[in-house]
Structure formats: structure tokens, C-alpha cells
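The structure appears right after this line, and notes come after that.
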Amino acid sequence: MGNFIMVGIDDSDPSKRAAQFAAELARSLDAKLLVVYVIQWTPFTFNTPEENESRHKRREEEVEAARSKILTPILDDLLKAGTKVEGFVRHGRPAKLLNYIVAEKEISQIVIGRTGAGGLKNIMFGSVASKMVQTSSVPITVVP
Amino acid sequence: MKKKQMWFHFLLGFICIFLVLAAPAYTQDAKKDLSSSQGWVQGIEVPVPGYKTWVEGLQPPEAKKEQKKSGIDAMVERIMTPINNVLYNGVFYSVPFFGAKLKLIIAWLIIGALFCTFYFRFINLSGFAQAIRLVRGDYSNPDSDEAGEVSHFQALATALSGTVGVGNIGAIPILIMIGGPGALFWMMVAGFIGMSSKFCECTLGVMYRNNNPDGTVSGGPMYAMVKGFAEIGRPKLGRFLSYFFAISIVIGCLGAGNMFQSNQAVMQFVNITGGADSYFASRGWIFGIGMAVIVGLVILGGIKGIAKVTEKLVPFMALFYLSGALVVLAANASRIPAAVTSIFANAFTPEGISGGFIGIMIIGFQRAVFSNEAGIGTAAIAHSAVKTDEPITEGLVSLLEPFIDTIVICTITGLVILTTVYGDPSVKHLTGVSLTSEAMSRTIPWVPIPLAVAVLLFAFSTIVSWSYYGLKGWTFLFGESSLSANTYKAIYCFFIIVGCSIPLTSVMDFSDAMVFLMTIPNILCIYFLAPIVRKELDSYWARIKSGEIKNYRKLMKKGKTS
């Protein structure tokens, strides 16, 4: 208990800073860091049969792209600095999913960047950070 | 269990032999069987379409007459009639049954559905709540690789856009016209038991689908037949049935999924552009080429944008239609009790309909089967795209389709007709979509144009969905290469133009017959493989009970409170 810190990332600068900050925090507390990249996805959309048929393939591609372009570079950086860290890519609604992982993995605190990747997306969906601040069950740090 | 199955096999074999042997002797019989049961029940004269018009759903008789002059038409008729006579009358061979004509193929489907209902212990009731929980995502682990794959909701929505079509709006007035309000009752009964056969066929589709090396999936009854029958030690029978099914789905899709829909769309288009005076009235091929180009862009040119837009619009159109219908019902609320009473009362004591209640029972059953495709096997193709370790879950979700399609949407259309124009002599010249349109416009005057748009979109999405079903049958027969796929797609587009430019009498008979032929191998497949499904089902319920399969919605709620 209390030895897990989670940081939710996307491909924005604030989230890179958040990852760095979380790593420092983890090192000073001798905690383990969990880096989670969430791909926006909802189960409630309307698709064509062809979209459904090739969904599995496209999902693999999405995960692979997120892993190789964003997650792995960050993980490599943090590992070099001596952080105990692991990371994974998930599909879902970011705030909801992060909260779920907190409950499931008994995470003691969350770090998150203030603004997400897309400006327009934030207007439409609301910032993940502000949603998290309102719904999180554990202490949360928002990195500007 | 084995004894029971033997009995079924015997029955099946008997029916099959009958279908084939007795076909030529009864050439004109099947077509006439409904011509004597007609008219508004309350004694109003309507131009009652013959049996075929009723099956097709919407085609007003005048349109047919007008188009019969063209030369292409005569040629097609000449070629098709002899083939059709044998096939149509073979498939729709009917026997006298308590004074009514019972088409054996309908009996075949109903027996199949009843078998599933009892064999799976009323899964249509016991699985209903679970199906809704699955669609809502209660059992999907958000923190797993499952997230991001095709969800239960998406599979259901895709399959529904193939089933909810013009028929839900346009074929119901005709059903009431021929069978009276009581036919709606039997339609609902058939929808209810159809939920069970849908459950079984979709579970099998997911269980035995192919994971292609390129990461895509192909599934459907033909794969279940090949793999499932190999599993139970009858690979040869399985292969035979799978080819039988694949050939009939390819041809059936060209007719019922394509020409019928495009023909209905062009007629609706002619109606809103001025009826018989419309420039397009005798030039359906212009509309057909337009439609073929758009469909071609979607399925051949890979312009997914259009398909995505319609896939997103169709649910809203369905919602628009349903809310419009509910407004109409609210405005006529005082007549609803009488309408509901007439549905139940007429179900057993119909007035002025030949064949008594068995007669309208058959009519209602038939409408339901046409509408929700339970037992035909197409939905299994759409559902097999879901990547899940529990094929049962997909079957459970699919049982919602006959419910939404037949028990909800068709019944609402029926109530709209019964509370507004039913028994009104001033609408006797109307039929099909135009009658529903008239019924709704009495409460909401601006309804006809958006309704026509909705009908066009329904037709379009059904054409696109069925192109996919047909394609799966085709690639099963001729391989997954892009050349073979594109050949089929090109043929498919060509048939849209054909569907728009010729009257459909004999071509439709042919393709209807092919669609119903699909039910022979499909229901056989259900009988043979049902024990496998039941084993899975039992294990699934057991694991739900023991908590091995977690309800994540409950878990999340607990997490918040603690």
C-alpha cells in the first residue's frame, strides 16, 4: 500500500513534464511508477461491418504506434534516471479508466498534465485533468 | 438428448425431400394462397396486392402495371419465369393446414425457433436482462486488451442497421391490410421466439469464425458449418451445407438486400418528386445509376466517409421515426386501448379472413421472419466481428435484435396505423410507406419529406450491410483475394441499377426463394450444433453465478463507496 504512483500521459508537453515530476516523486518516496497512455475510445459508436471486421487489426496498430512513439521513449528516459517504472497502453475514456485503475491497483497518488493534446478535443470533452480532480479518490497532482 | 435429435433429423429430412419432390406439381399454388384474404377488416375496399406484393412490402400495383411495357422487362420475365416457377414454388411450397395455406419454409423456421426457445430454456426471457447488461458494458473489463475491440453495442448497432429497414415502416400497413390487427399479435409472437434462434446462430458465428492472417476476421454460418460439423465428426455434411448456404446468400443478397431495397428507394423518390408525373417515374435507371455510384464509392472505392456518415445517421433516423410515431400515438392516446384490444381480440377471432386464426397467424409469422432475419443467418455474419472469449455473450446481445426490430419498431408502426387511418375509406388508394406517411402526417403535417429521407437512408444502409453479407458468402466460395472481392462488389453495384429500372415480380420471387433457401442449411446447422451452444451457455451461467465472470459496473460502484 502506498507505494504506487500513477501518471497518465498523452503526447503533449505538460504530460512529459508530469512524467518527469512523477518520476522524481517516485524516486524520493522509493515508490513504483506506473505510466498509462489512454487512447480515446468509447464502446458506444455506430460502425460499418467493414470497420468492425478490421477493428482488431487497427487496434493493434494504434497500440503499437502509441507505444513506439510516446510511451517507450518516456519509459526509457525514466529508466535511465533510475526510476522503478512500468507502463502500458489502454483504450477507453481517460478519466474513467484512470480512476478505475487507481481502485484496482491500489494506487496511492496520481500525477497528470494540465492540458491534453488537442485544443478542440478539450473543449468538446472537457479536460481530463479537471475531471480527474473532481472524481479522483486519491490525492492528485496537476502539472502545468 | 440424442434421441431427441434423431427425431429432429428425421423431420428435417422429410421436409427437405418434400420441398424438392413436390415443387413442380404446385406451380401456381403458392402465389394465390393469400389472394382470398384481403381488405380492411372493417369492410373497406382496398386494392389488395397479390401475395408477392405483400412479401415485397411496398410496391403499389399501379407502378407495376406501368413498368410492364418496357422491353428489358419482358426479356427478364421470359428468362426468369420458368426457373422461378420451379424454385419459388419449391421453396414456398405450401400445404393445407386447418383450412389455411401453410408454407413449409415458414413452418421450418418456426419449428427451428421453437426448438431453440425450449432447448435453451426460454433464453429469450432468461437472457434478456443479461443482454442489456452486456450491451451497457457491465461485463467488459476496462483495464484489459478487450477495450478498444469491437464492443457488444457496436456489433448490435451494426447488425440492427442491416435489419431495420424499409419493411419496418412500409410492410406493416400491408400486413394489417391483409391480416387485420390480429396479425400484429402473431408477428410479435414470432419475434419473441425468433430471439432464441438468433441467439443460437450468432453464438455459433462467433464460436467458429476465422481469424485471417492479416488480422481481420471472417465469420458466419458457413464457417460454423465447416468447423463445427468437423468437430462433431461430419465434415462432409458441413462442407456441403456451407456451400449451399454461401451460394444462396450471394444470390439472396443481390435480390432481397439489393434490388428490393433500391426498388423501394426509387419508388419513394418518385413519390416525393411528383408521383406518376415525376420525371423519374419511367426513368428509374437514372436514380439507379446515381445510387450505384454512391454505393460503389463506398464498397468499391473504399470511400468510407459516406458509409460512416450513413451509419451514424441511420440510428438518428430510427430515433426520429420512433419519436414521431410516439408523438402520433400520444395525440391519439384515447384510441390506443381499442387498438390494443383489437390486436389481441382479432388474433384468435379474425373477421372476414380466410383460414381463420391459423391464416393470420401464418401471415404474422411470415412478416416477422422477413423483418428480423432470425434463422436466416445473416446477423451471425455481422456479429462475428466481435473479439470475445465468450461467444455466448454475443449470442445474448443478438437476441435483442428481433425484440427491437419486431416487437418494438414494427408494433409501434402497427399502432400508428390502427389509431389513425385504419378503417378510413379516404386512404384506400394508399399502401406501404405512403400509408404510414399519411397516417403520421395527420398529426405532424411536415412528416412526409423527412420520412422519405429516412426511408432512403434505411434502404441505403441495408444495401451496404447486405453487400457485406453477400461478400462474405462470395469470398467463402472464391477466396479472400481483392480481385474476387471487387468482382462481387461490381456485380452488386450493377444489380442496384437493375433493381431500379425493372419491376421486380419474378426477379424478386427468385431472390426471396434464395433468402429462404439459406434457412435450410442454417437451421440444420442450429440443430446439429445446439448441444455445443448449450454446454457453453450452462458453463457461462455457472461462471456468472460463481462470480468468476466479473460485473465491472458493480465493482466500480463498490470502489467508489468504500
Side-chain angles (χ1 to χ4, degrees), chain A residues 1 4 6 8 34-67 86-108 110 128 131-132 134-138, chain B residues 135-137 140-155 157-162 211-212 214-219 298-299 302 304 306-308 310-316 381-387 461 464-469 471-472 552 555-556 558-560 562:
Chain A
M1 251 316 252
F4 258 115
M6 179 175 71
L34 200 61
V35 185
V36 184
Y37 181 97
V38 181
I39 300 170
Q40 267 282 1
W41 175 83
T42 155
F44 303 109
T45 55
F46 300 100
N47 301 341
T48 60
E50 285 84 2
E51 280 178 301
N52 285 350
E53 172 189 288
S54 55
R55 180 62 209 158
H56 176 63
K57 187 176 151 193
R58 277 194 296 124
R59 183 186 176 279
E60 308 269 275
E61 289 165 3
E62 284 168 16
V63 170
E64 190 43 45
R67 189 168 286 156
E86 60 181 73
F88 52 81
V89 178
R90 282 279 180 265
H91 280 77
R93 279 171 288 186
K96 221 177 164 184
L97 179 57
L98 291 178
N99 277 333
Y100 177 78
I101 296 173
V102 164
E104 189 197 45
K105 296 209 156 75
E106 302 193 332
I107 288 182
S108 57
I110 309 173
V128 173
K131 228 183 250 172
M132 292 287 298
Q134 284 171 32
T135 55
S136 174
S137 53
V138 294
Chain B
V135 173
R136 217 162 51 173
S140 328
N141 185 352
D143 182 24
S144 75
D145 287 341
E146 204 181 297
E149 299 285 354
V150 179
S151 67
H152 289 307
F153 177 89
Q154 287 162 341
T158 306
L160 265 179
S161 79
N211 291 308
N212 301 329
D214 66 349
T216 59
V217 287
S218 289
V298 173
I299 64 174
K304 303 283 179 233
I306 305 172
K308 275 187 187 162
T310 45
E311 283 300 319
K312 264 133 228 178
L313 273 176
V314 162
F316 289 106
I381 299 177
H383 277 283
S384 45
V386 174
K387 197 169 169 63
S461 82
V464 171
S465 296
W466 278 74
S467 84
Y468 180 78
Y469 300 153
L471 178 67
K472 287 289 126 181
Y552 291 93
L555 280 183
M556 273 160 132
K558 255 189 211 160
K560 256 179 200 169
S562 66

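These numbers come from the heavy atoms of this one structure, side chains and all, not from hydrogens, waters or symmetry mates. Note on naming: letters A, B, ... go to the chains in the order of the sequence lines (proteins, then strands), and numbering restarts at 1 for each one.
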With chain B as the partner, which of [options] has the greatest number of non-hydrogen pairs under 4.5 Å?
{"options": "Ile101(A), Val36(A), Val102(A)", "answer": "Ile101(A)"}
{"options": "Val89(A), Asn47(A), Ile39(A), Leu97(A)", "answer": "Asn47(A)"}
{"options": "Arg90(A), Lys96(A), His91(A), Glu62(A)", "answer": "Arg90(A)"}

In Å, rounded to the nearest 0.5 Å, how long is the span from [atom1] of [X] to [atom2] of [Y]?
{"X": "Arg58(A)", "Y": "Thr216(B)", "atom1": "CZ", "atom2": "OG1", "answer": "12.0 Å"}
{"X": "Ser465(B)", "Y": "Glu50(A)", "atom1": "OG", "atom2": "CD", "answer": "8.5 Å"}
{"X": "Lys57(A)", "Y": "Asn212(B)", "atom1": "NZ", "atom2": "CG", "answer": "9.5 Å"}
{"X": "His56(A)", "Y": "Asn211(B)", "atom1": "NE2", "atom2": "CG", "answer": "7.0 Å"}
{"X": "Phe88(A)", "Y": "Asp145(B)", "atom1": "CZ", "atom2": "CG", "answer": "10.5 Å"}

Among [options], which has the most heavy-atom pairs under 4.5 Å with chain A?
{"options": "Asp214(B), Leu160(B), Val464(B)", "value": "Asp214(B)"}
{"options": "Gly219(B), Ser144(B), Ser384(B), Ser161(B)", "value": "Ser144(B)"}
{"options": "His152(B), Arg136(B), Glu146(B)", "value": "Arg136(B)"}

- [ ] Evaluate whether atom CZ of Phe316(B) has more than 12 neighbouring non-hydrogen atoms of other residues, nucleotides or ligands under 6.0 angstrom away.
- [x] no
Task: Heavy-atom pair of closest approach, residues Ser151(B) and Pro43(A) - done: OG-O, 2.6 Å
Open item on the list: Can you give me the closest heavy-atom contact between Phe46(A) and Ala157(B), atom names plus distance?
Closed with: CD2-CB, 3.4 Å
Task: No-hydrogen, no-angle side-chain donor-acceptor test under 3.5 Å, Glu53(A) and Ser218(B) - done: no
- [ ] For Arg55(A) and Gly148(B), indicate whether the former's side chain and the latter's backbone hold a donor-acceptor pair under 3.5 Å.
- [x] yes
Open item on the list: Please check this pair: side chain of Arg59(A) against backbone of Ala147(B), looking for a donor-acceptor N/O pair closer than 3.5 Å.
Closed with: yes
Task: Engaged part of Val135(B) at the chain A interface, taking heavy atoms whose separation is under 4.5 Å - done: backbone
Task: Interface moiety of Ser140(B) toward chain A, non-hydrogen atoms closer than 4.5 Å - done: neither
- [ ] Give me the one residue out of Thr42(A), Thr45(A), Asn52(A) that meets side chain to side chain donor-acceptor pair (under 3.5 Å) with Gln154(B).
- [x] Thr45(A)
Open item on the list: Could you tell me if the side chain of Thr158(B) sits less than 4.5 Å from the side chain of Glu51(A), heavy atoms only?
Closed with: no
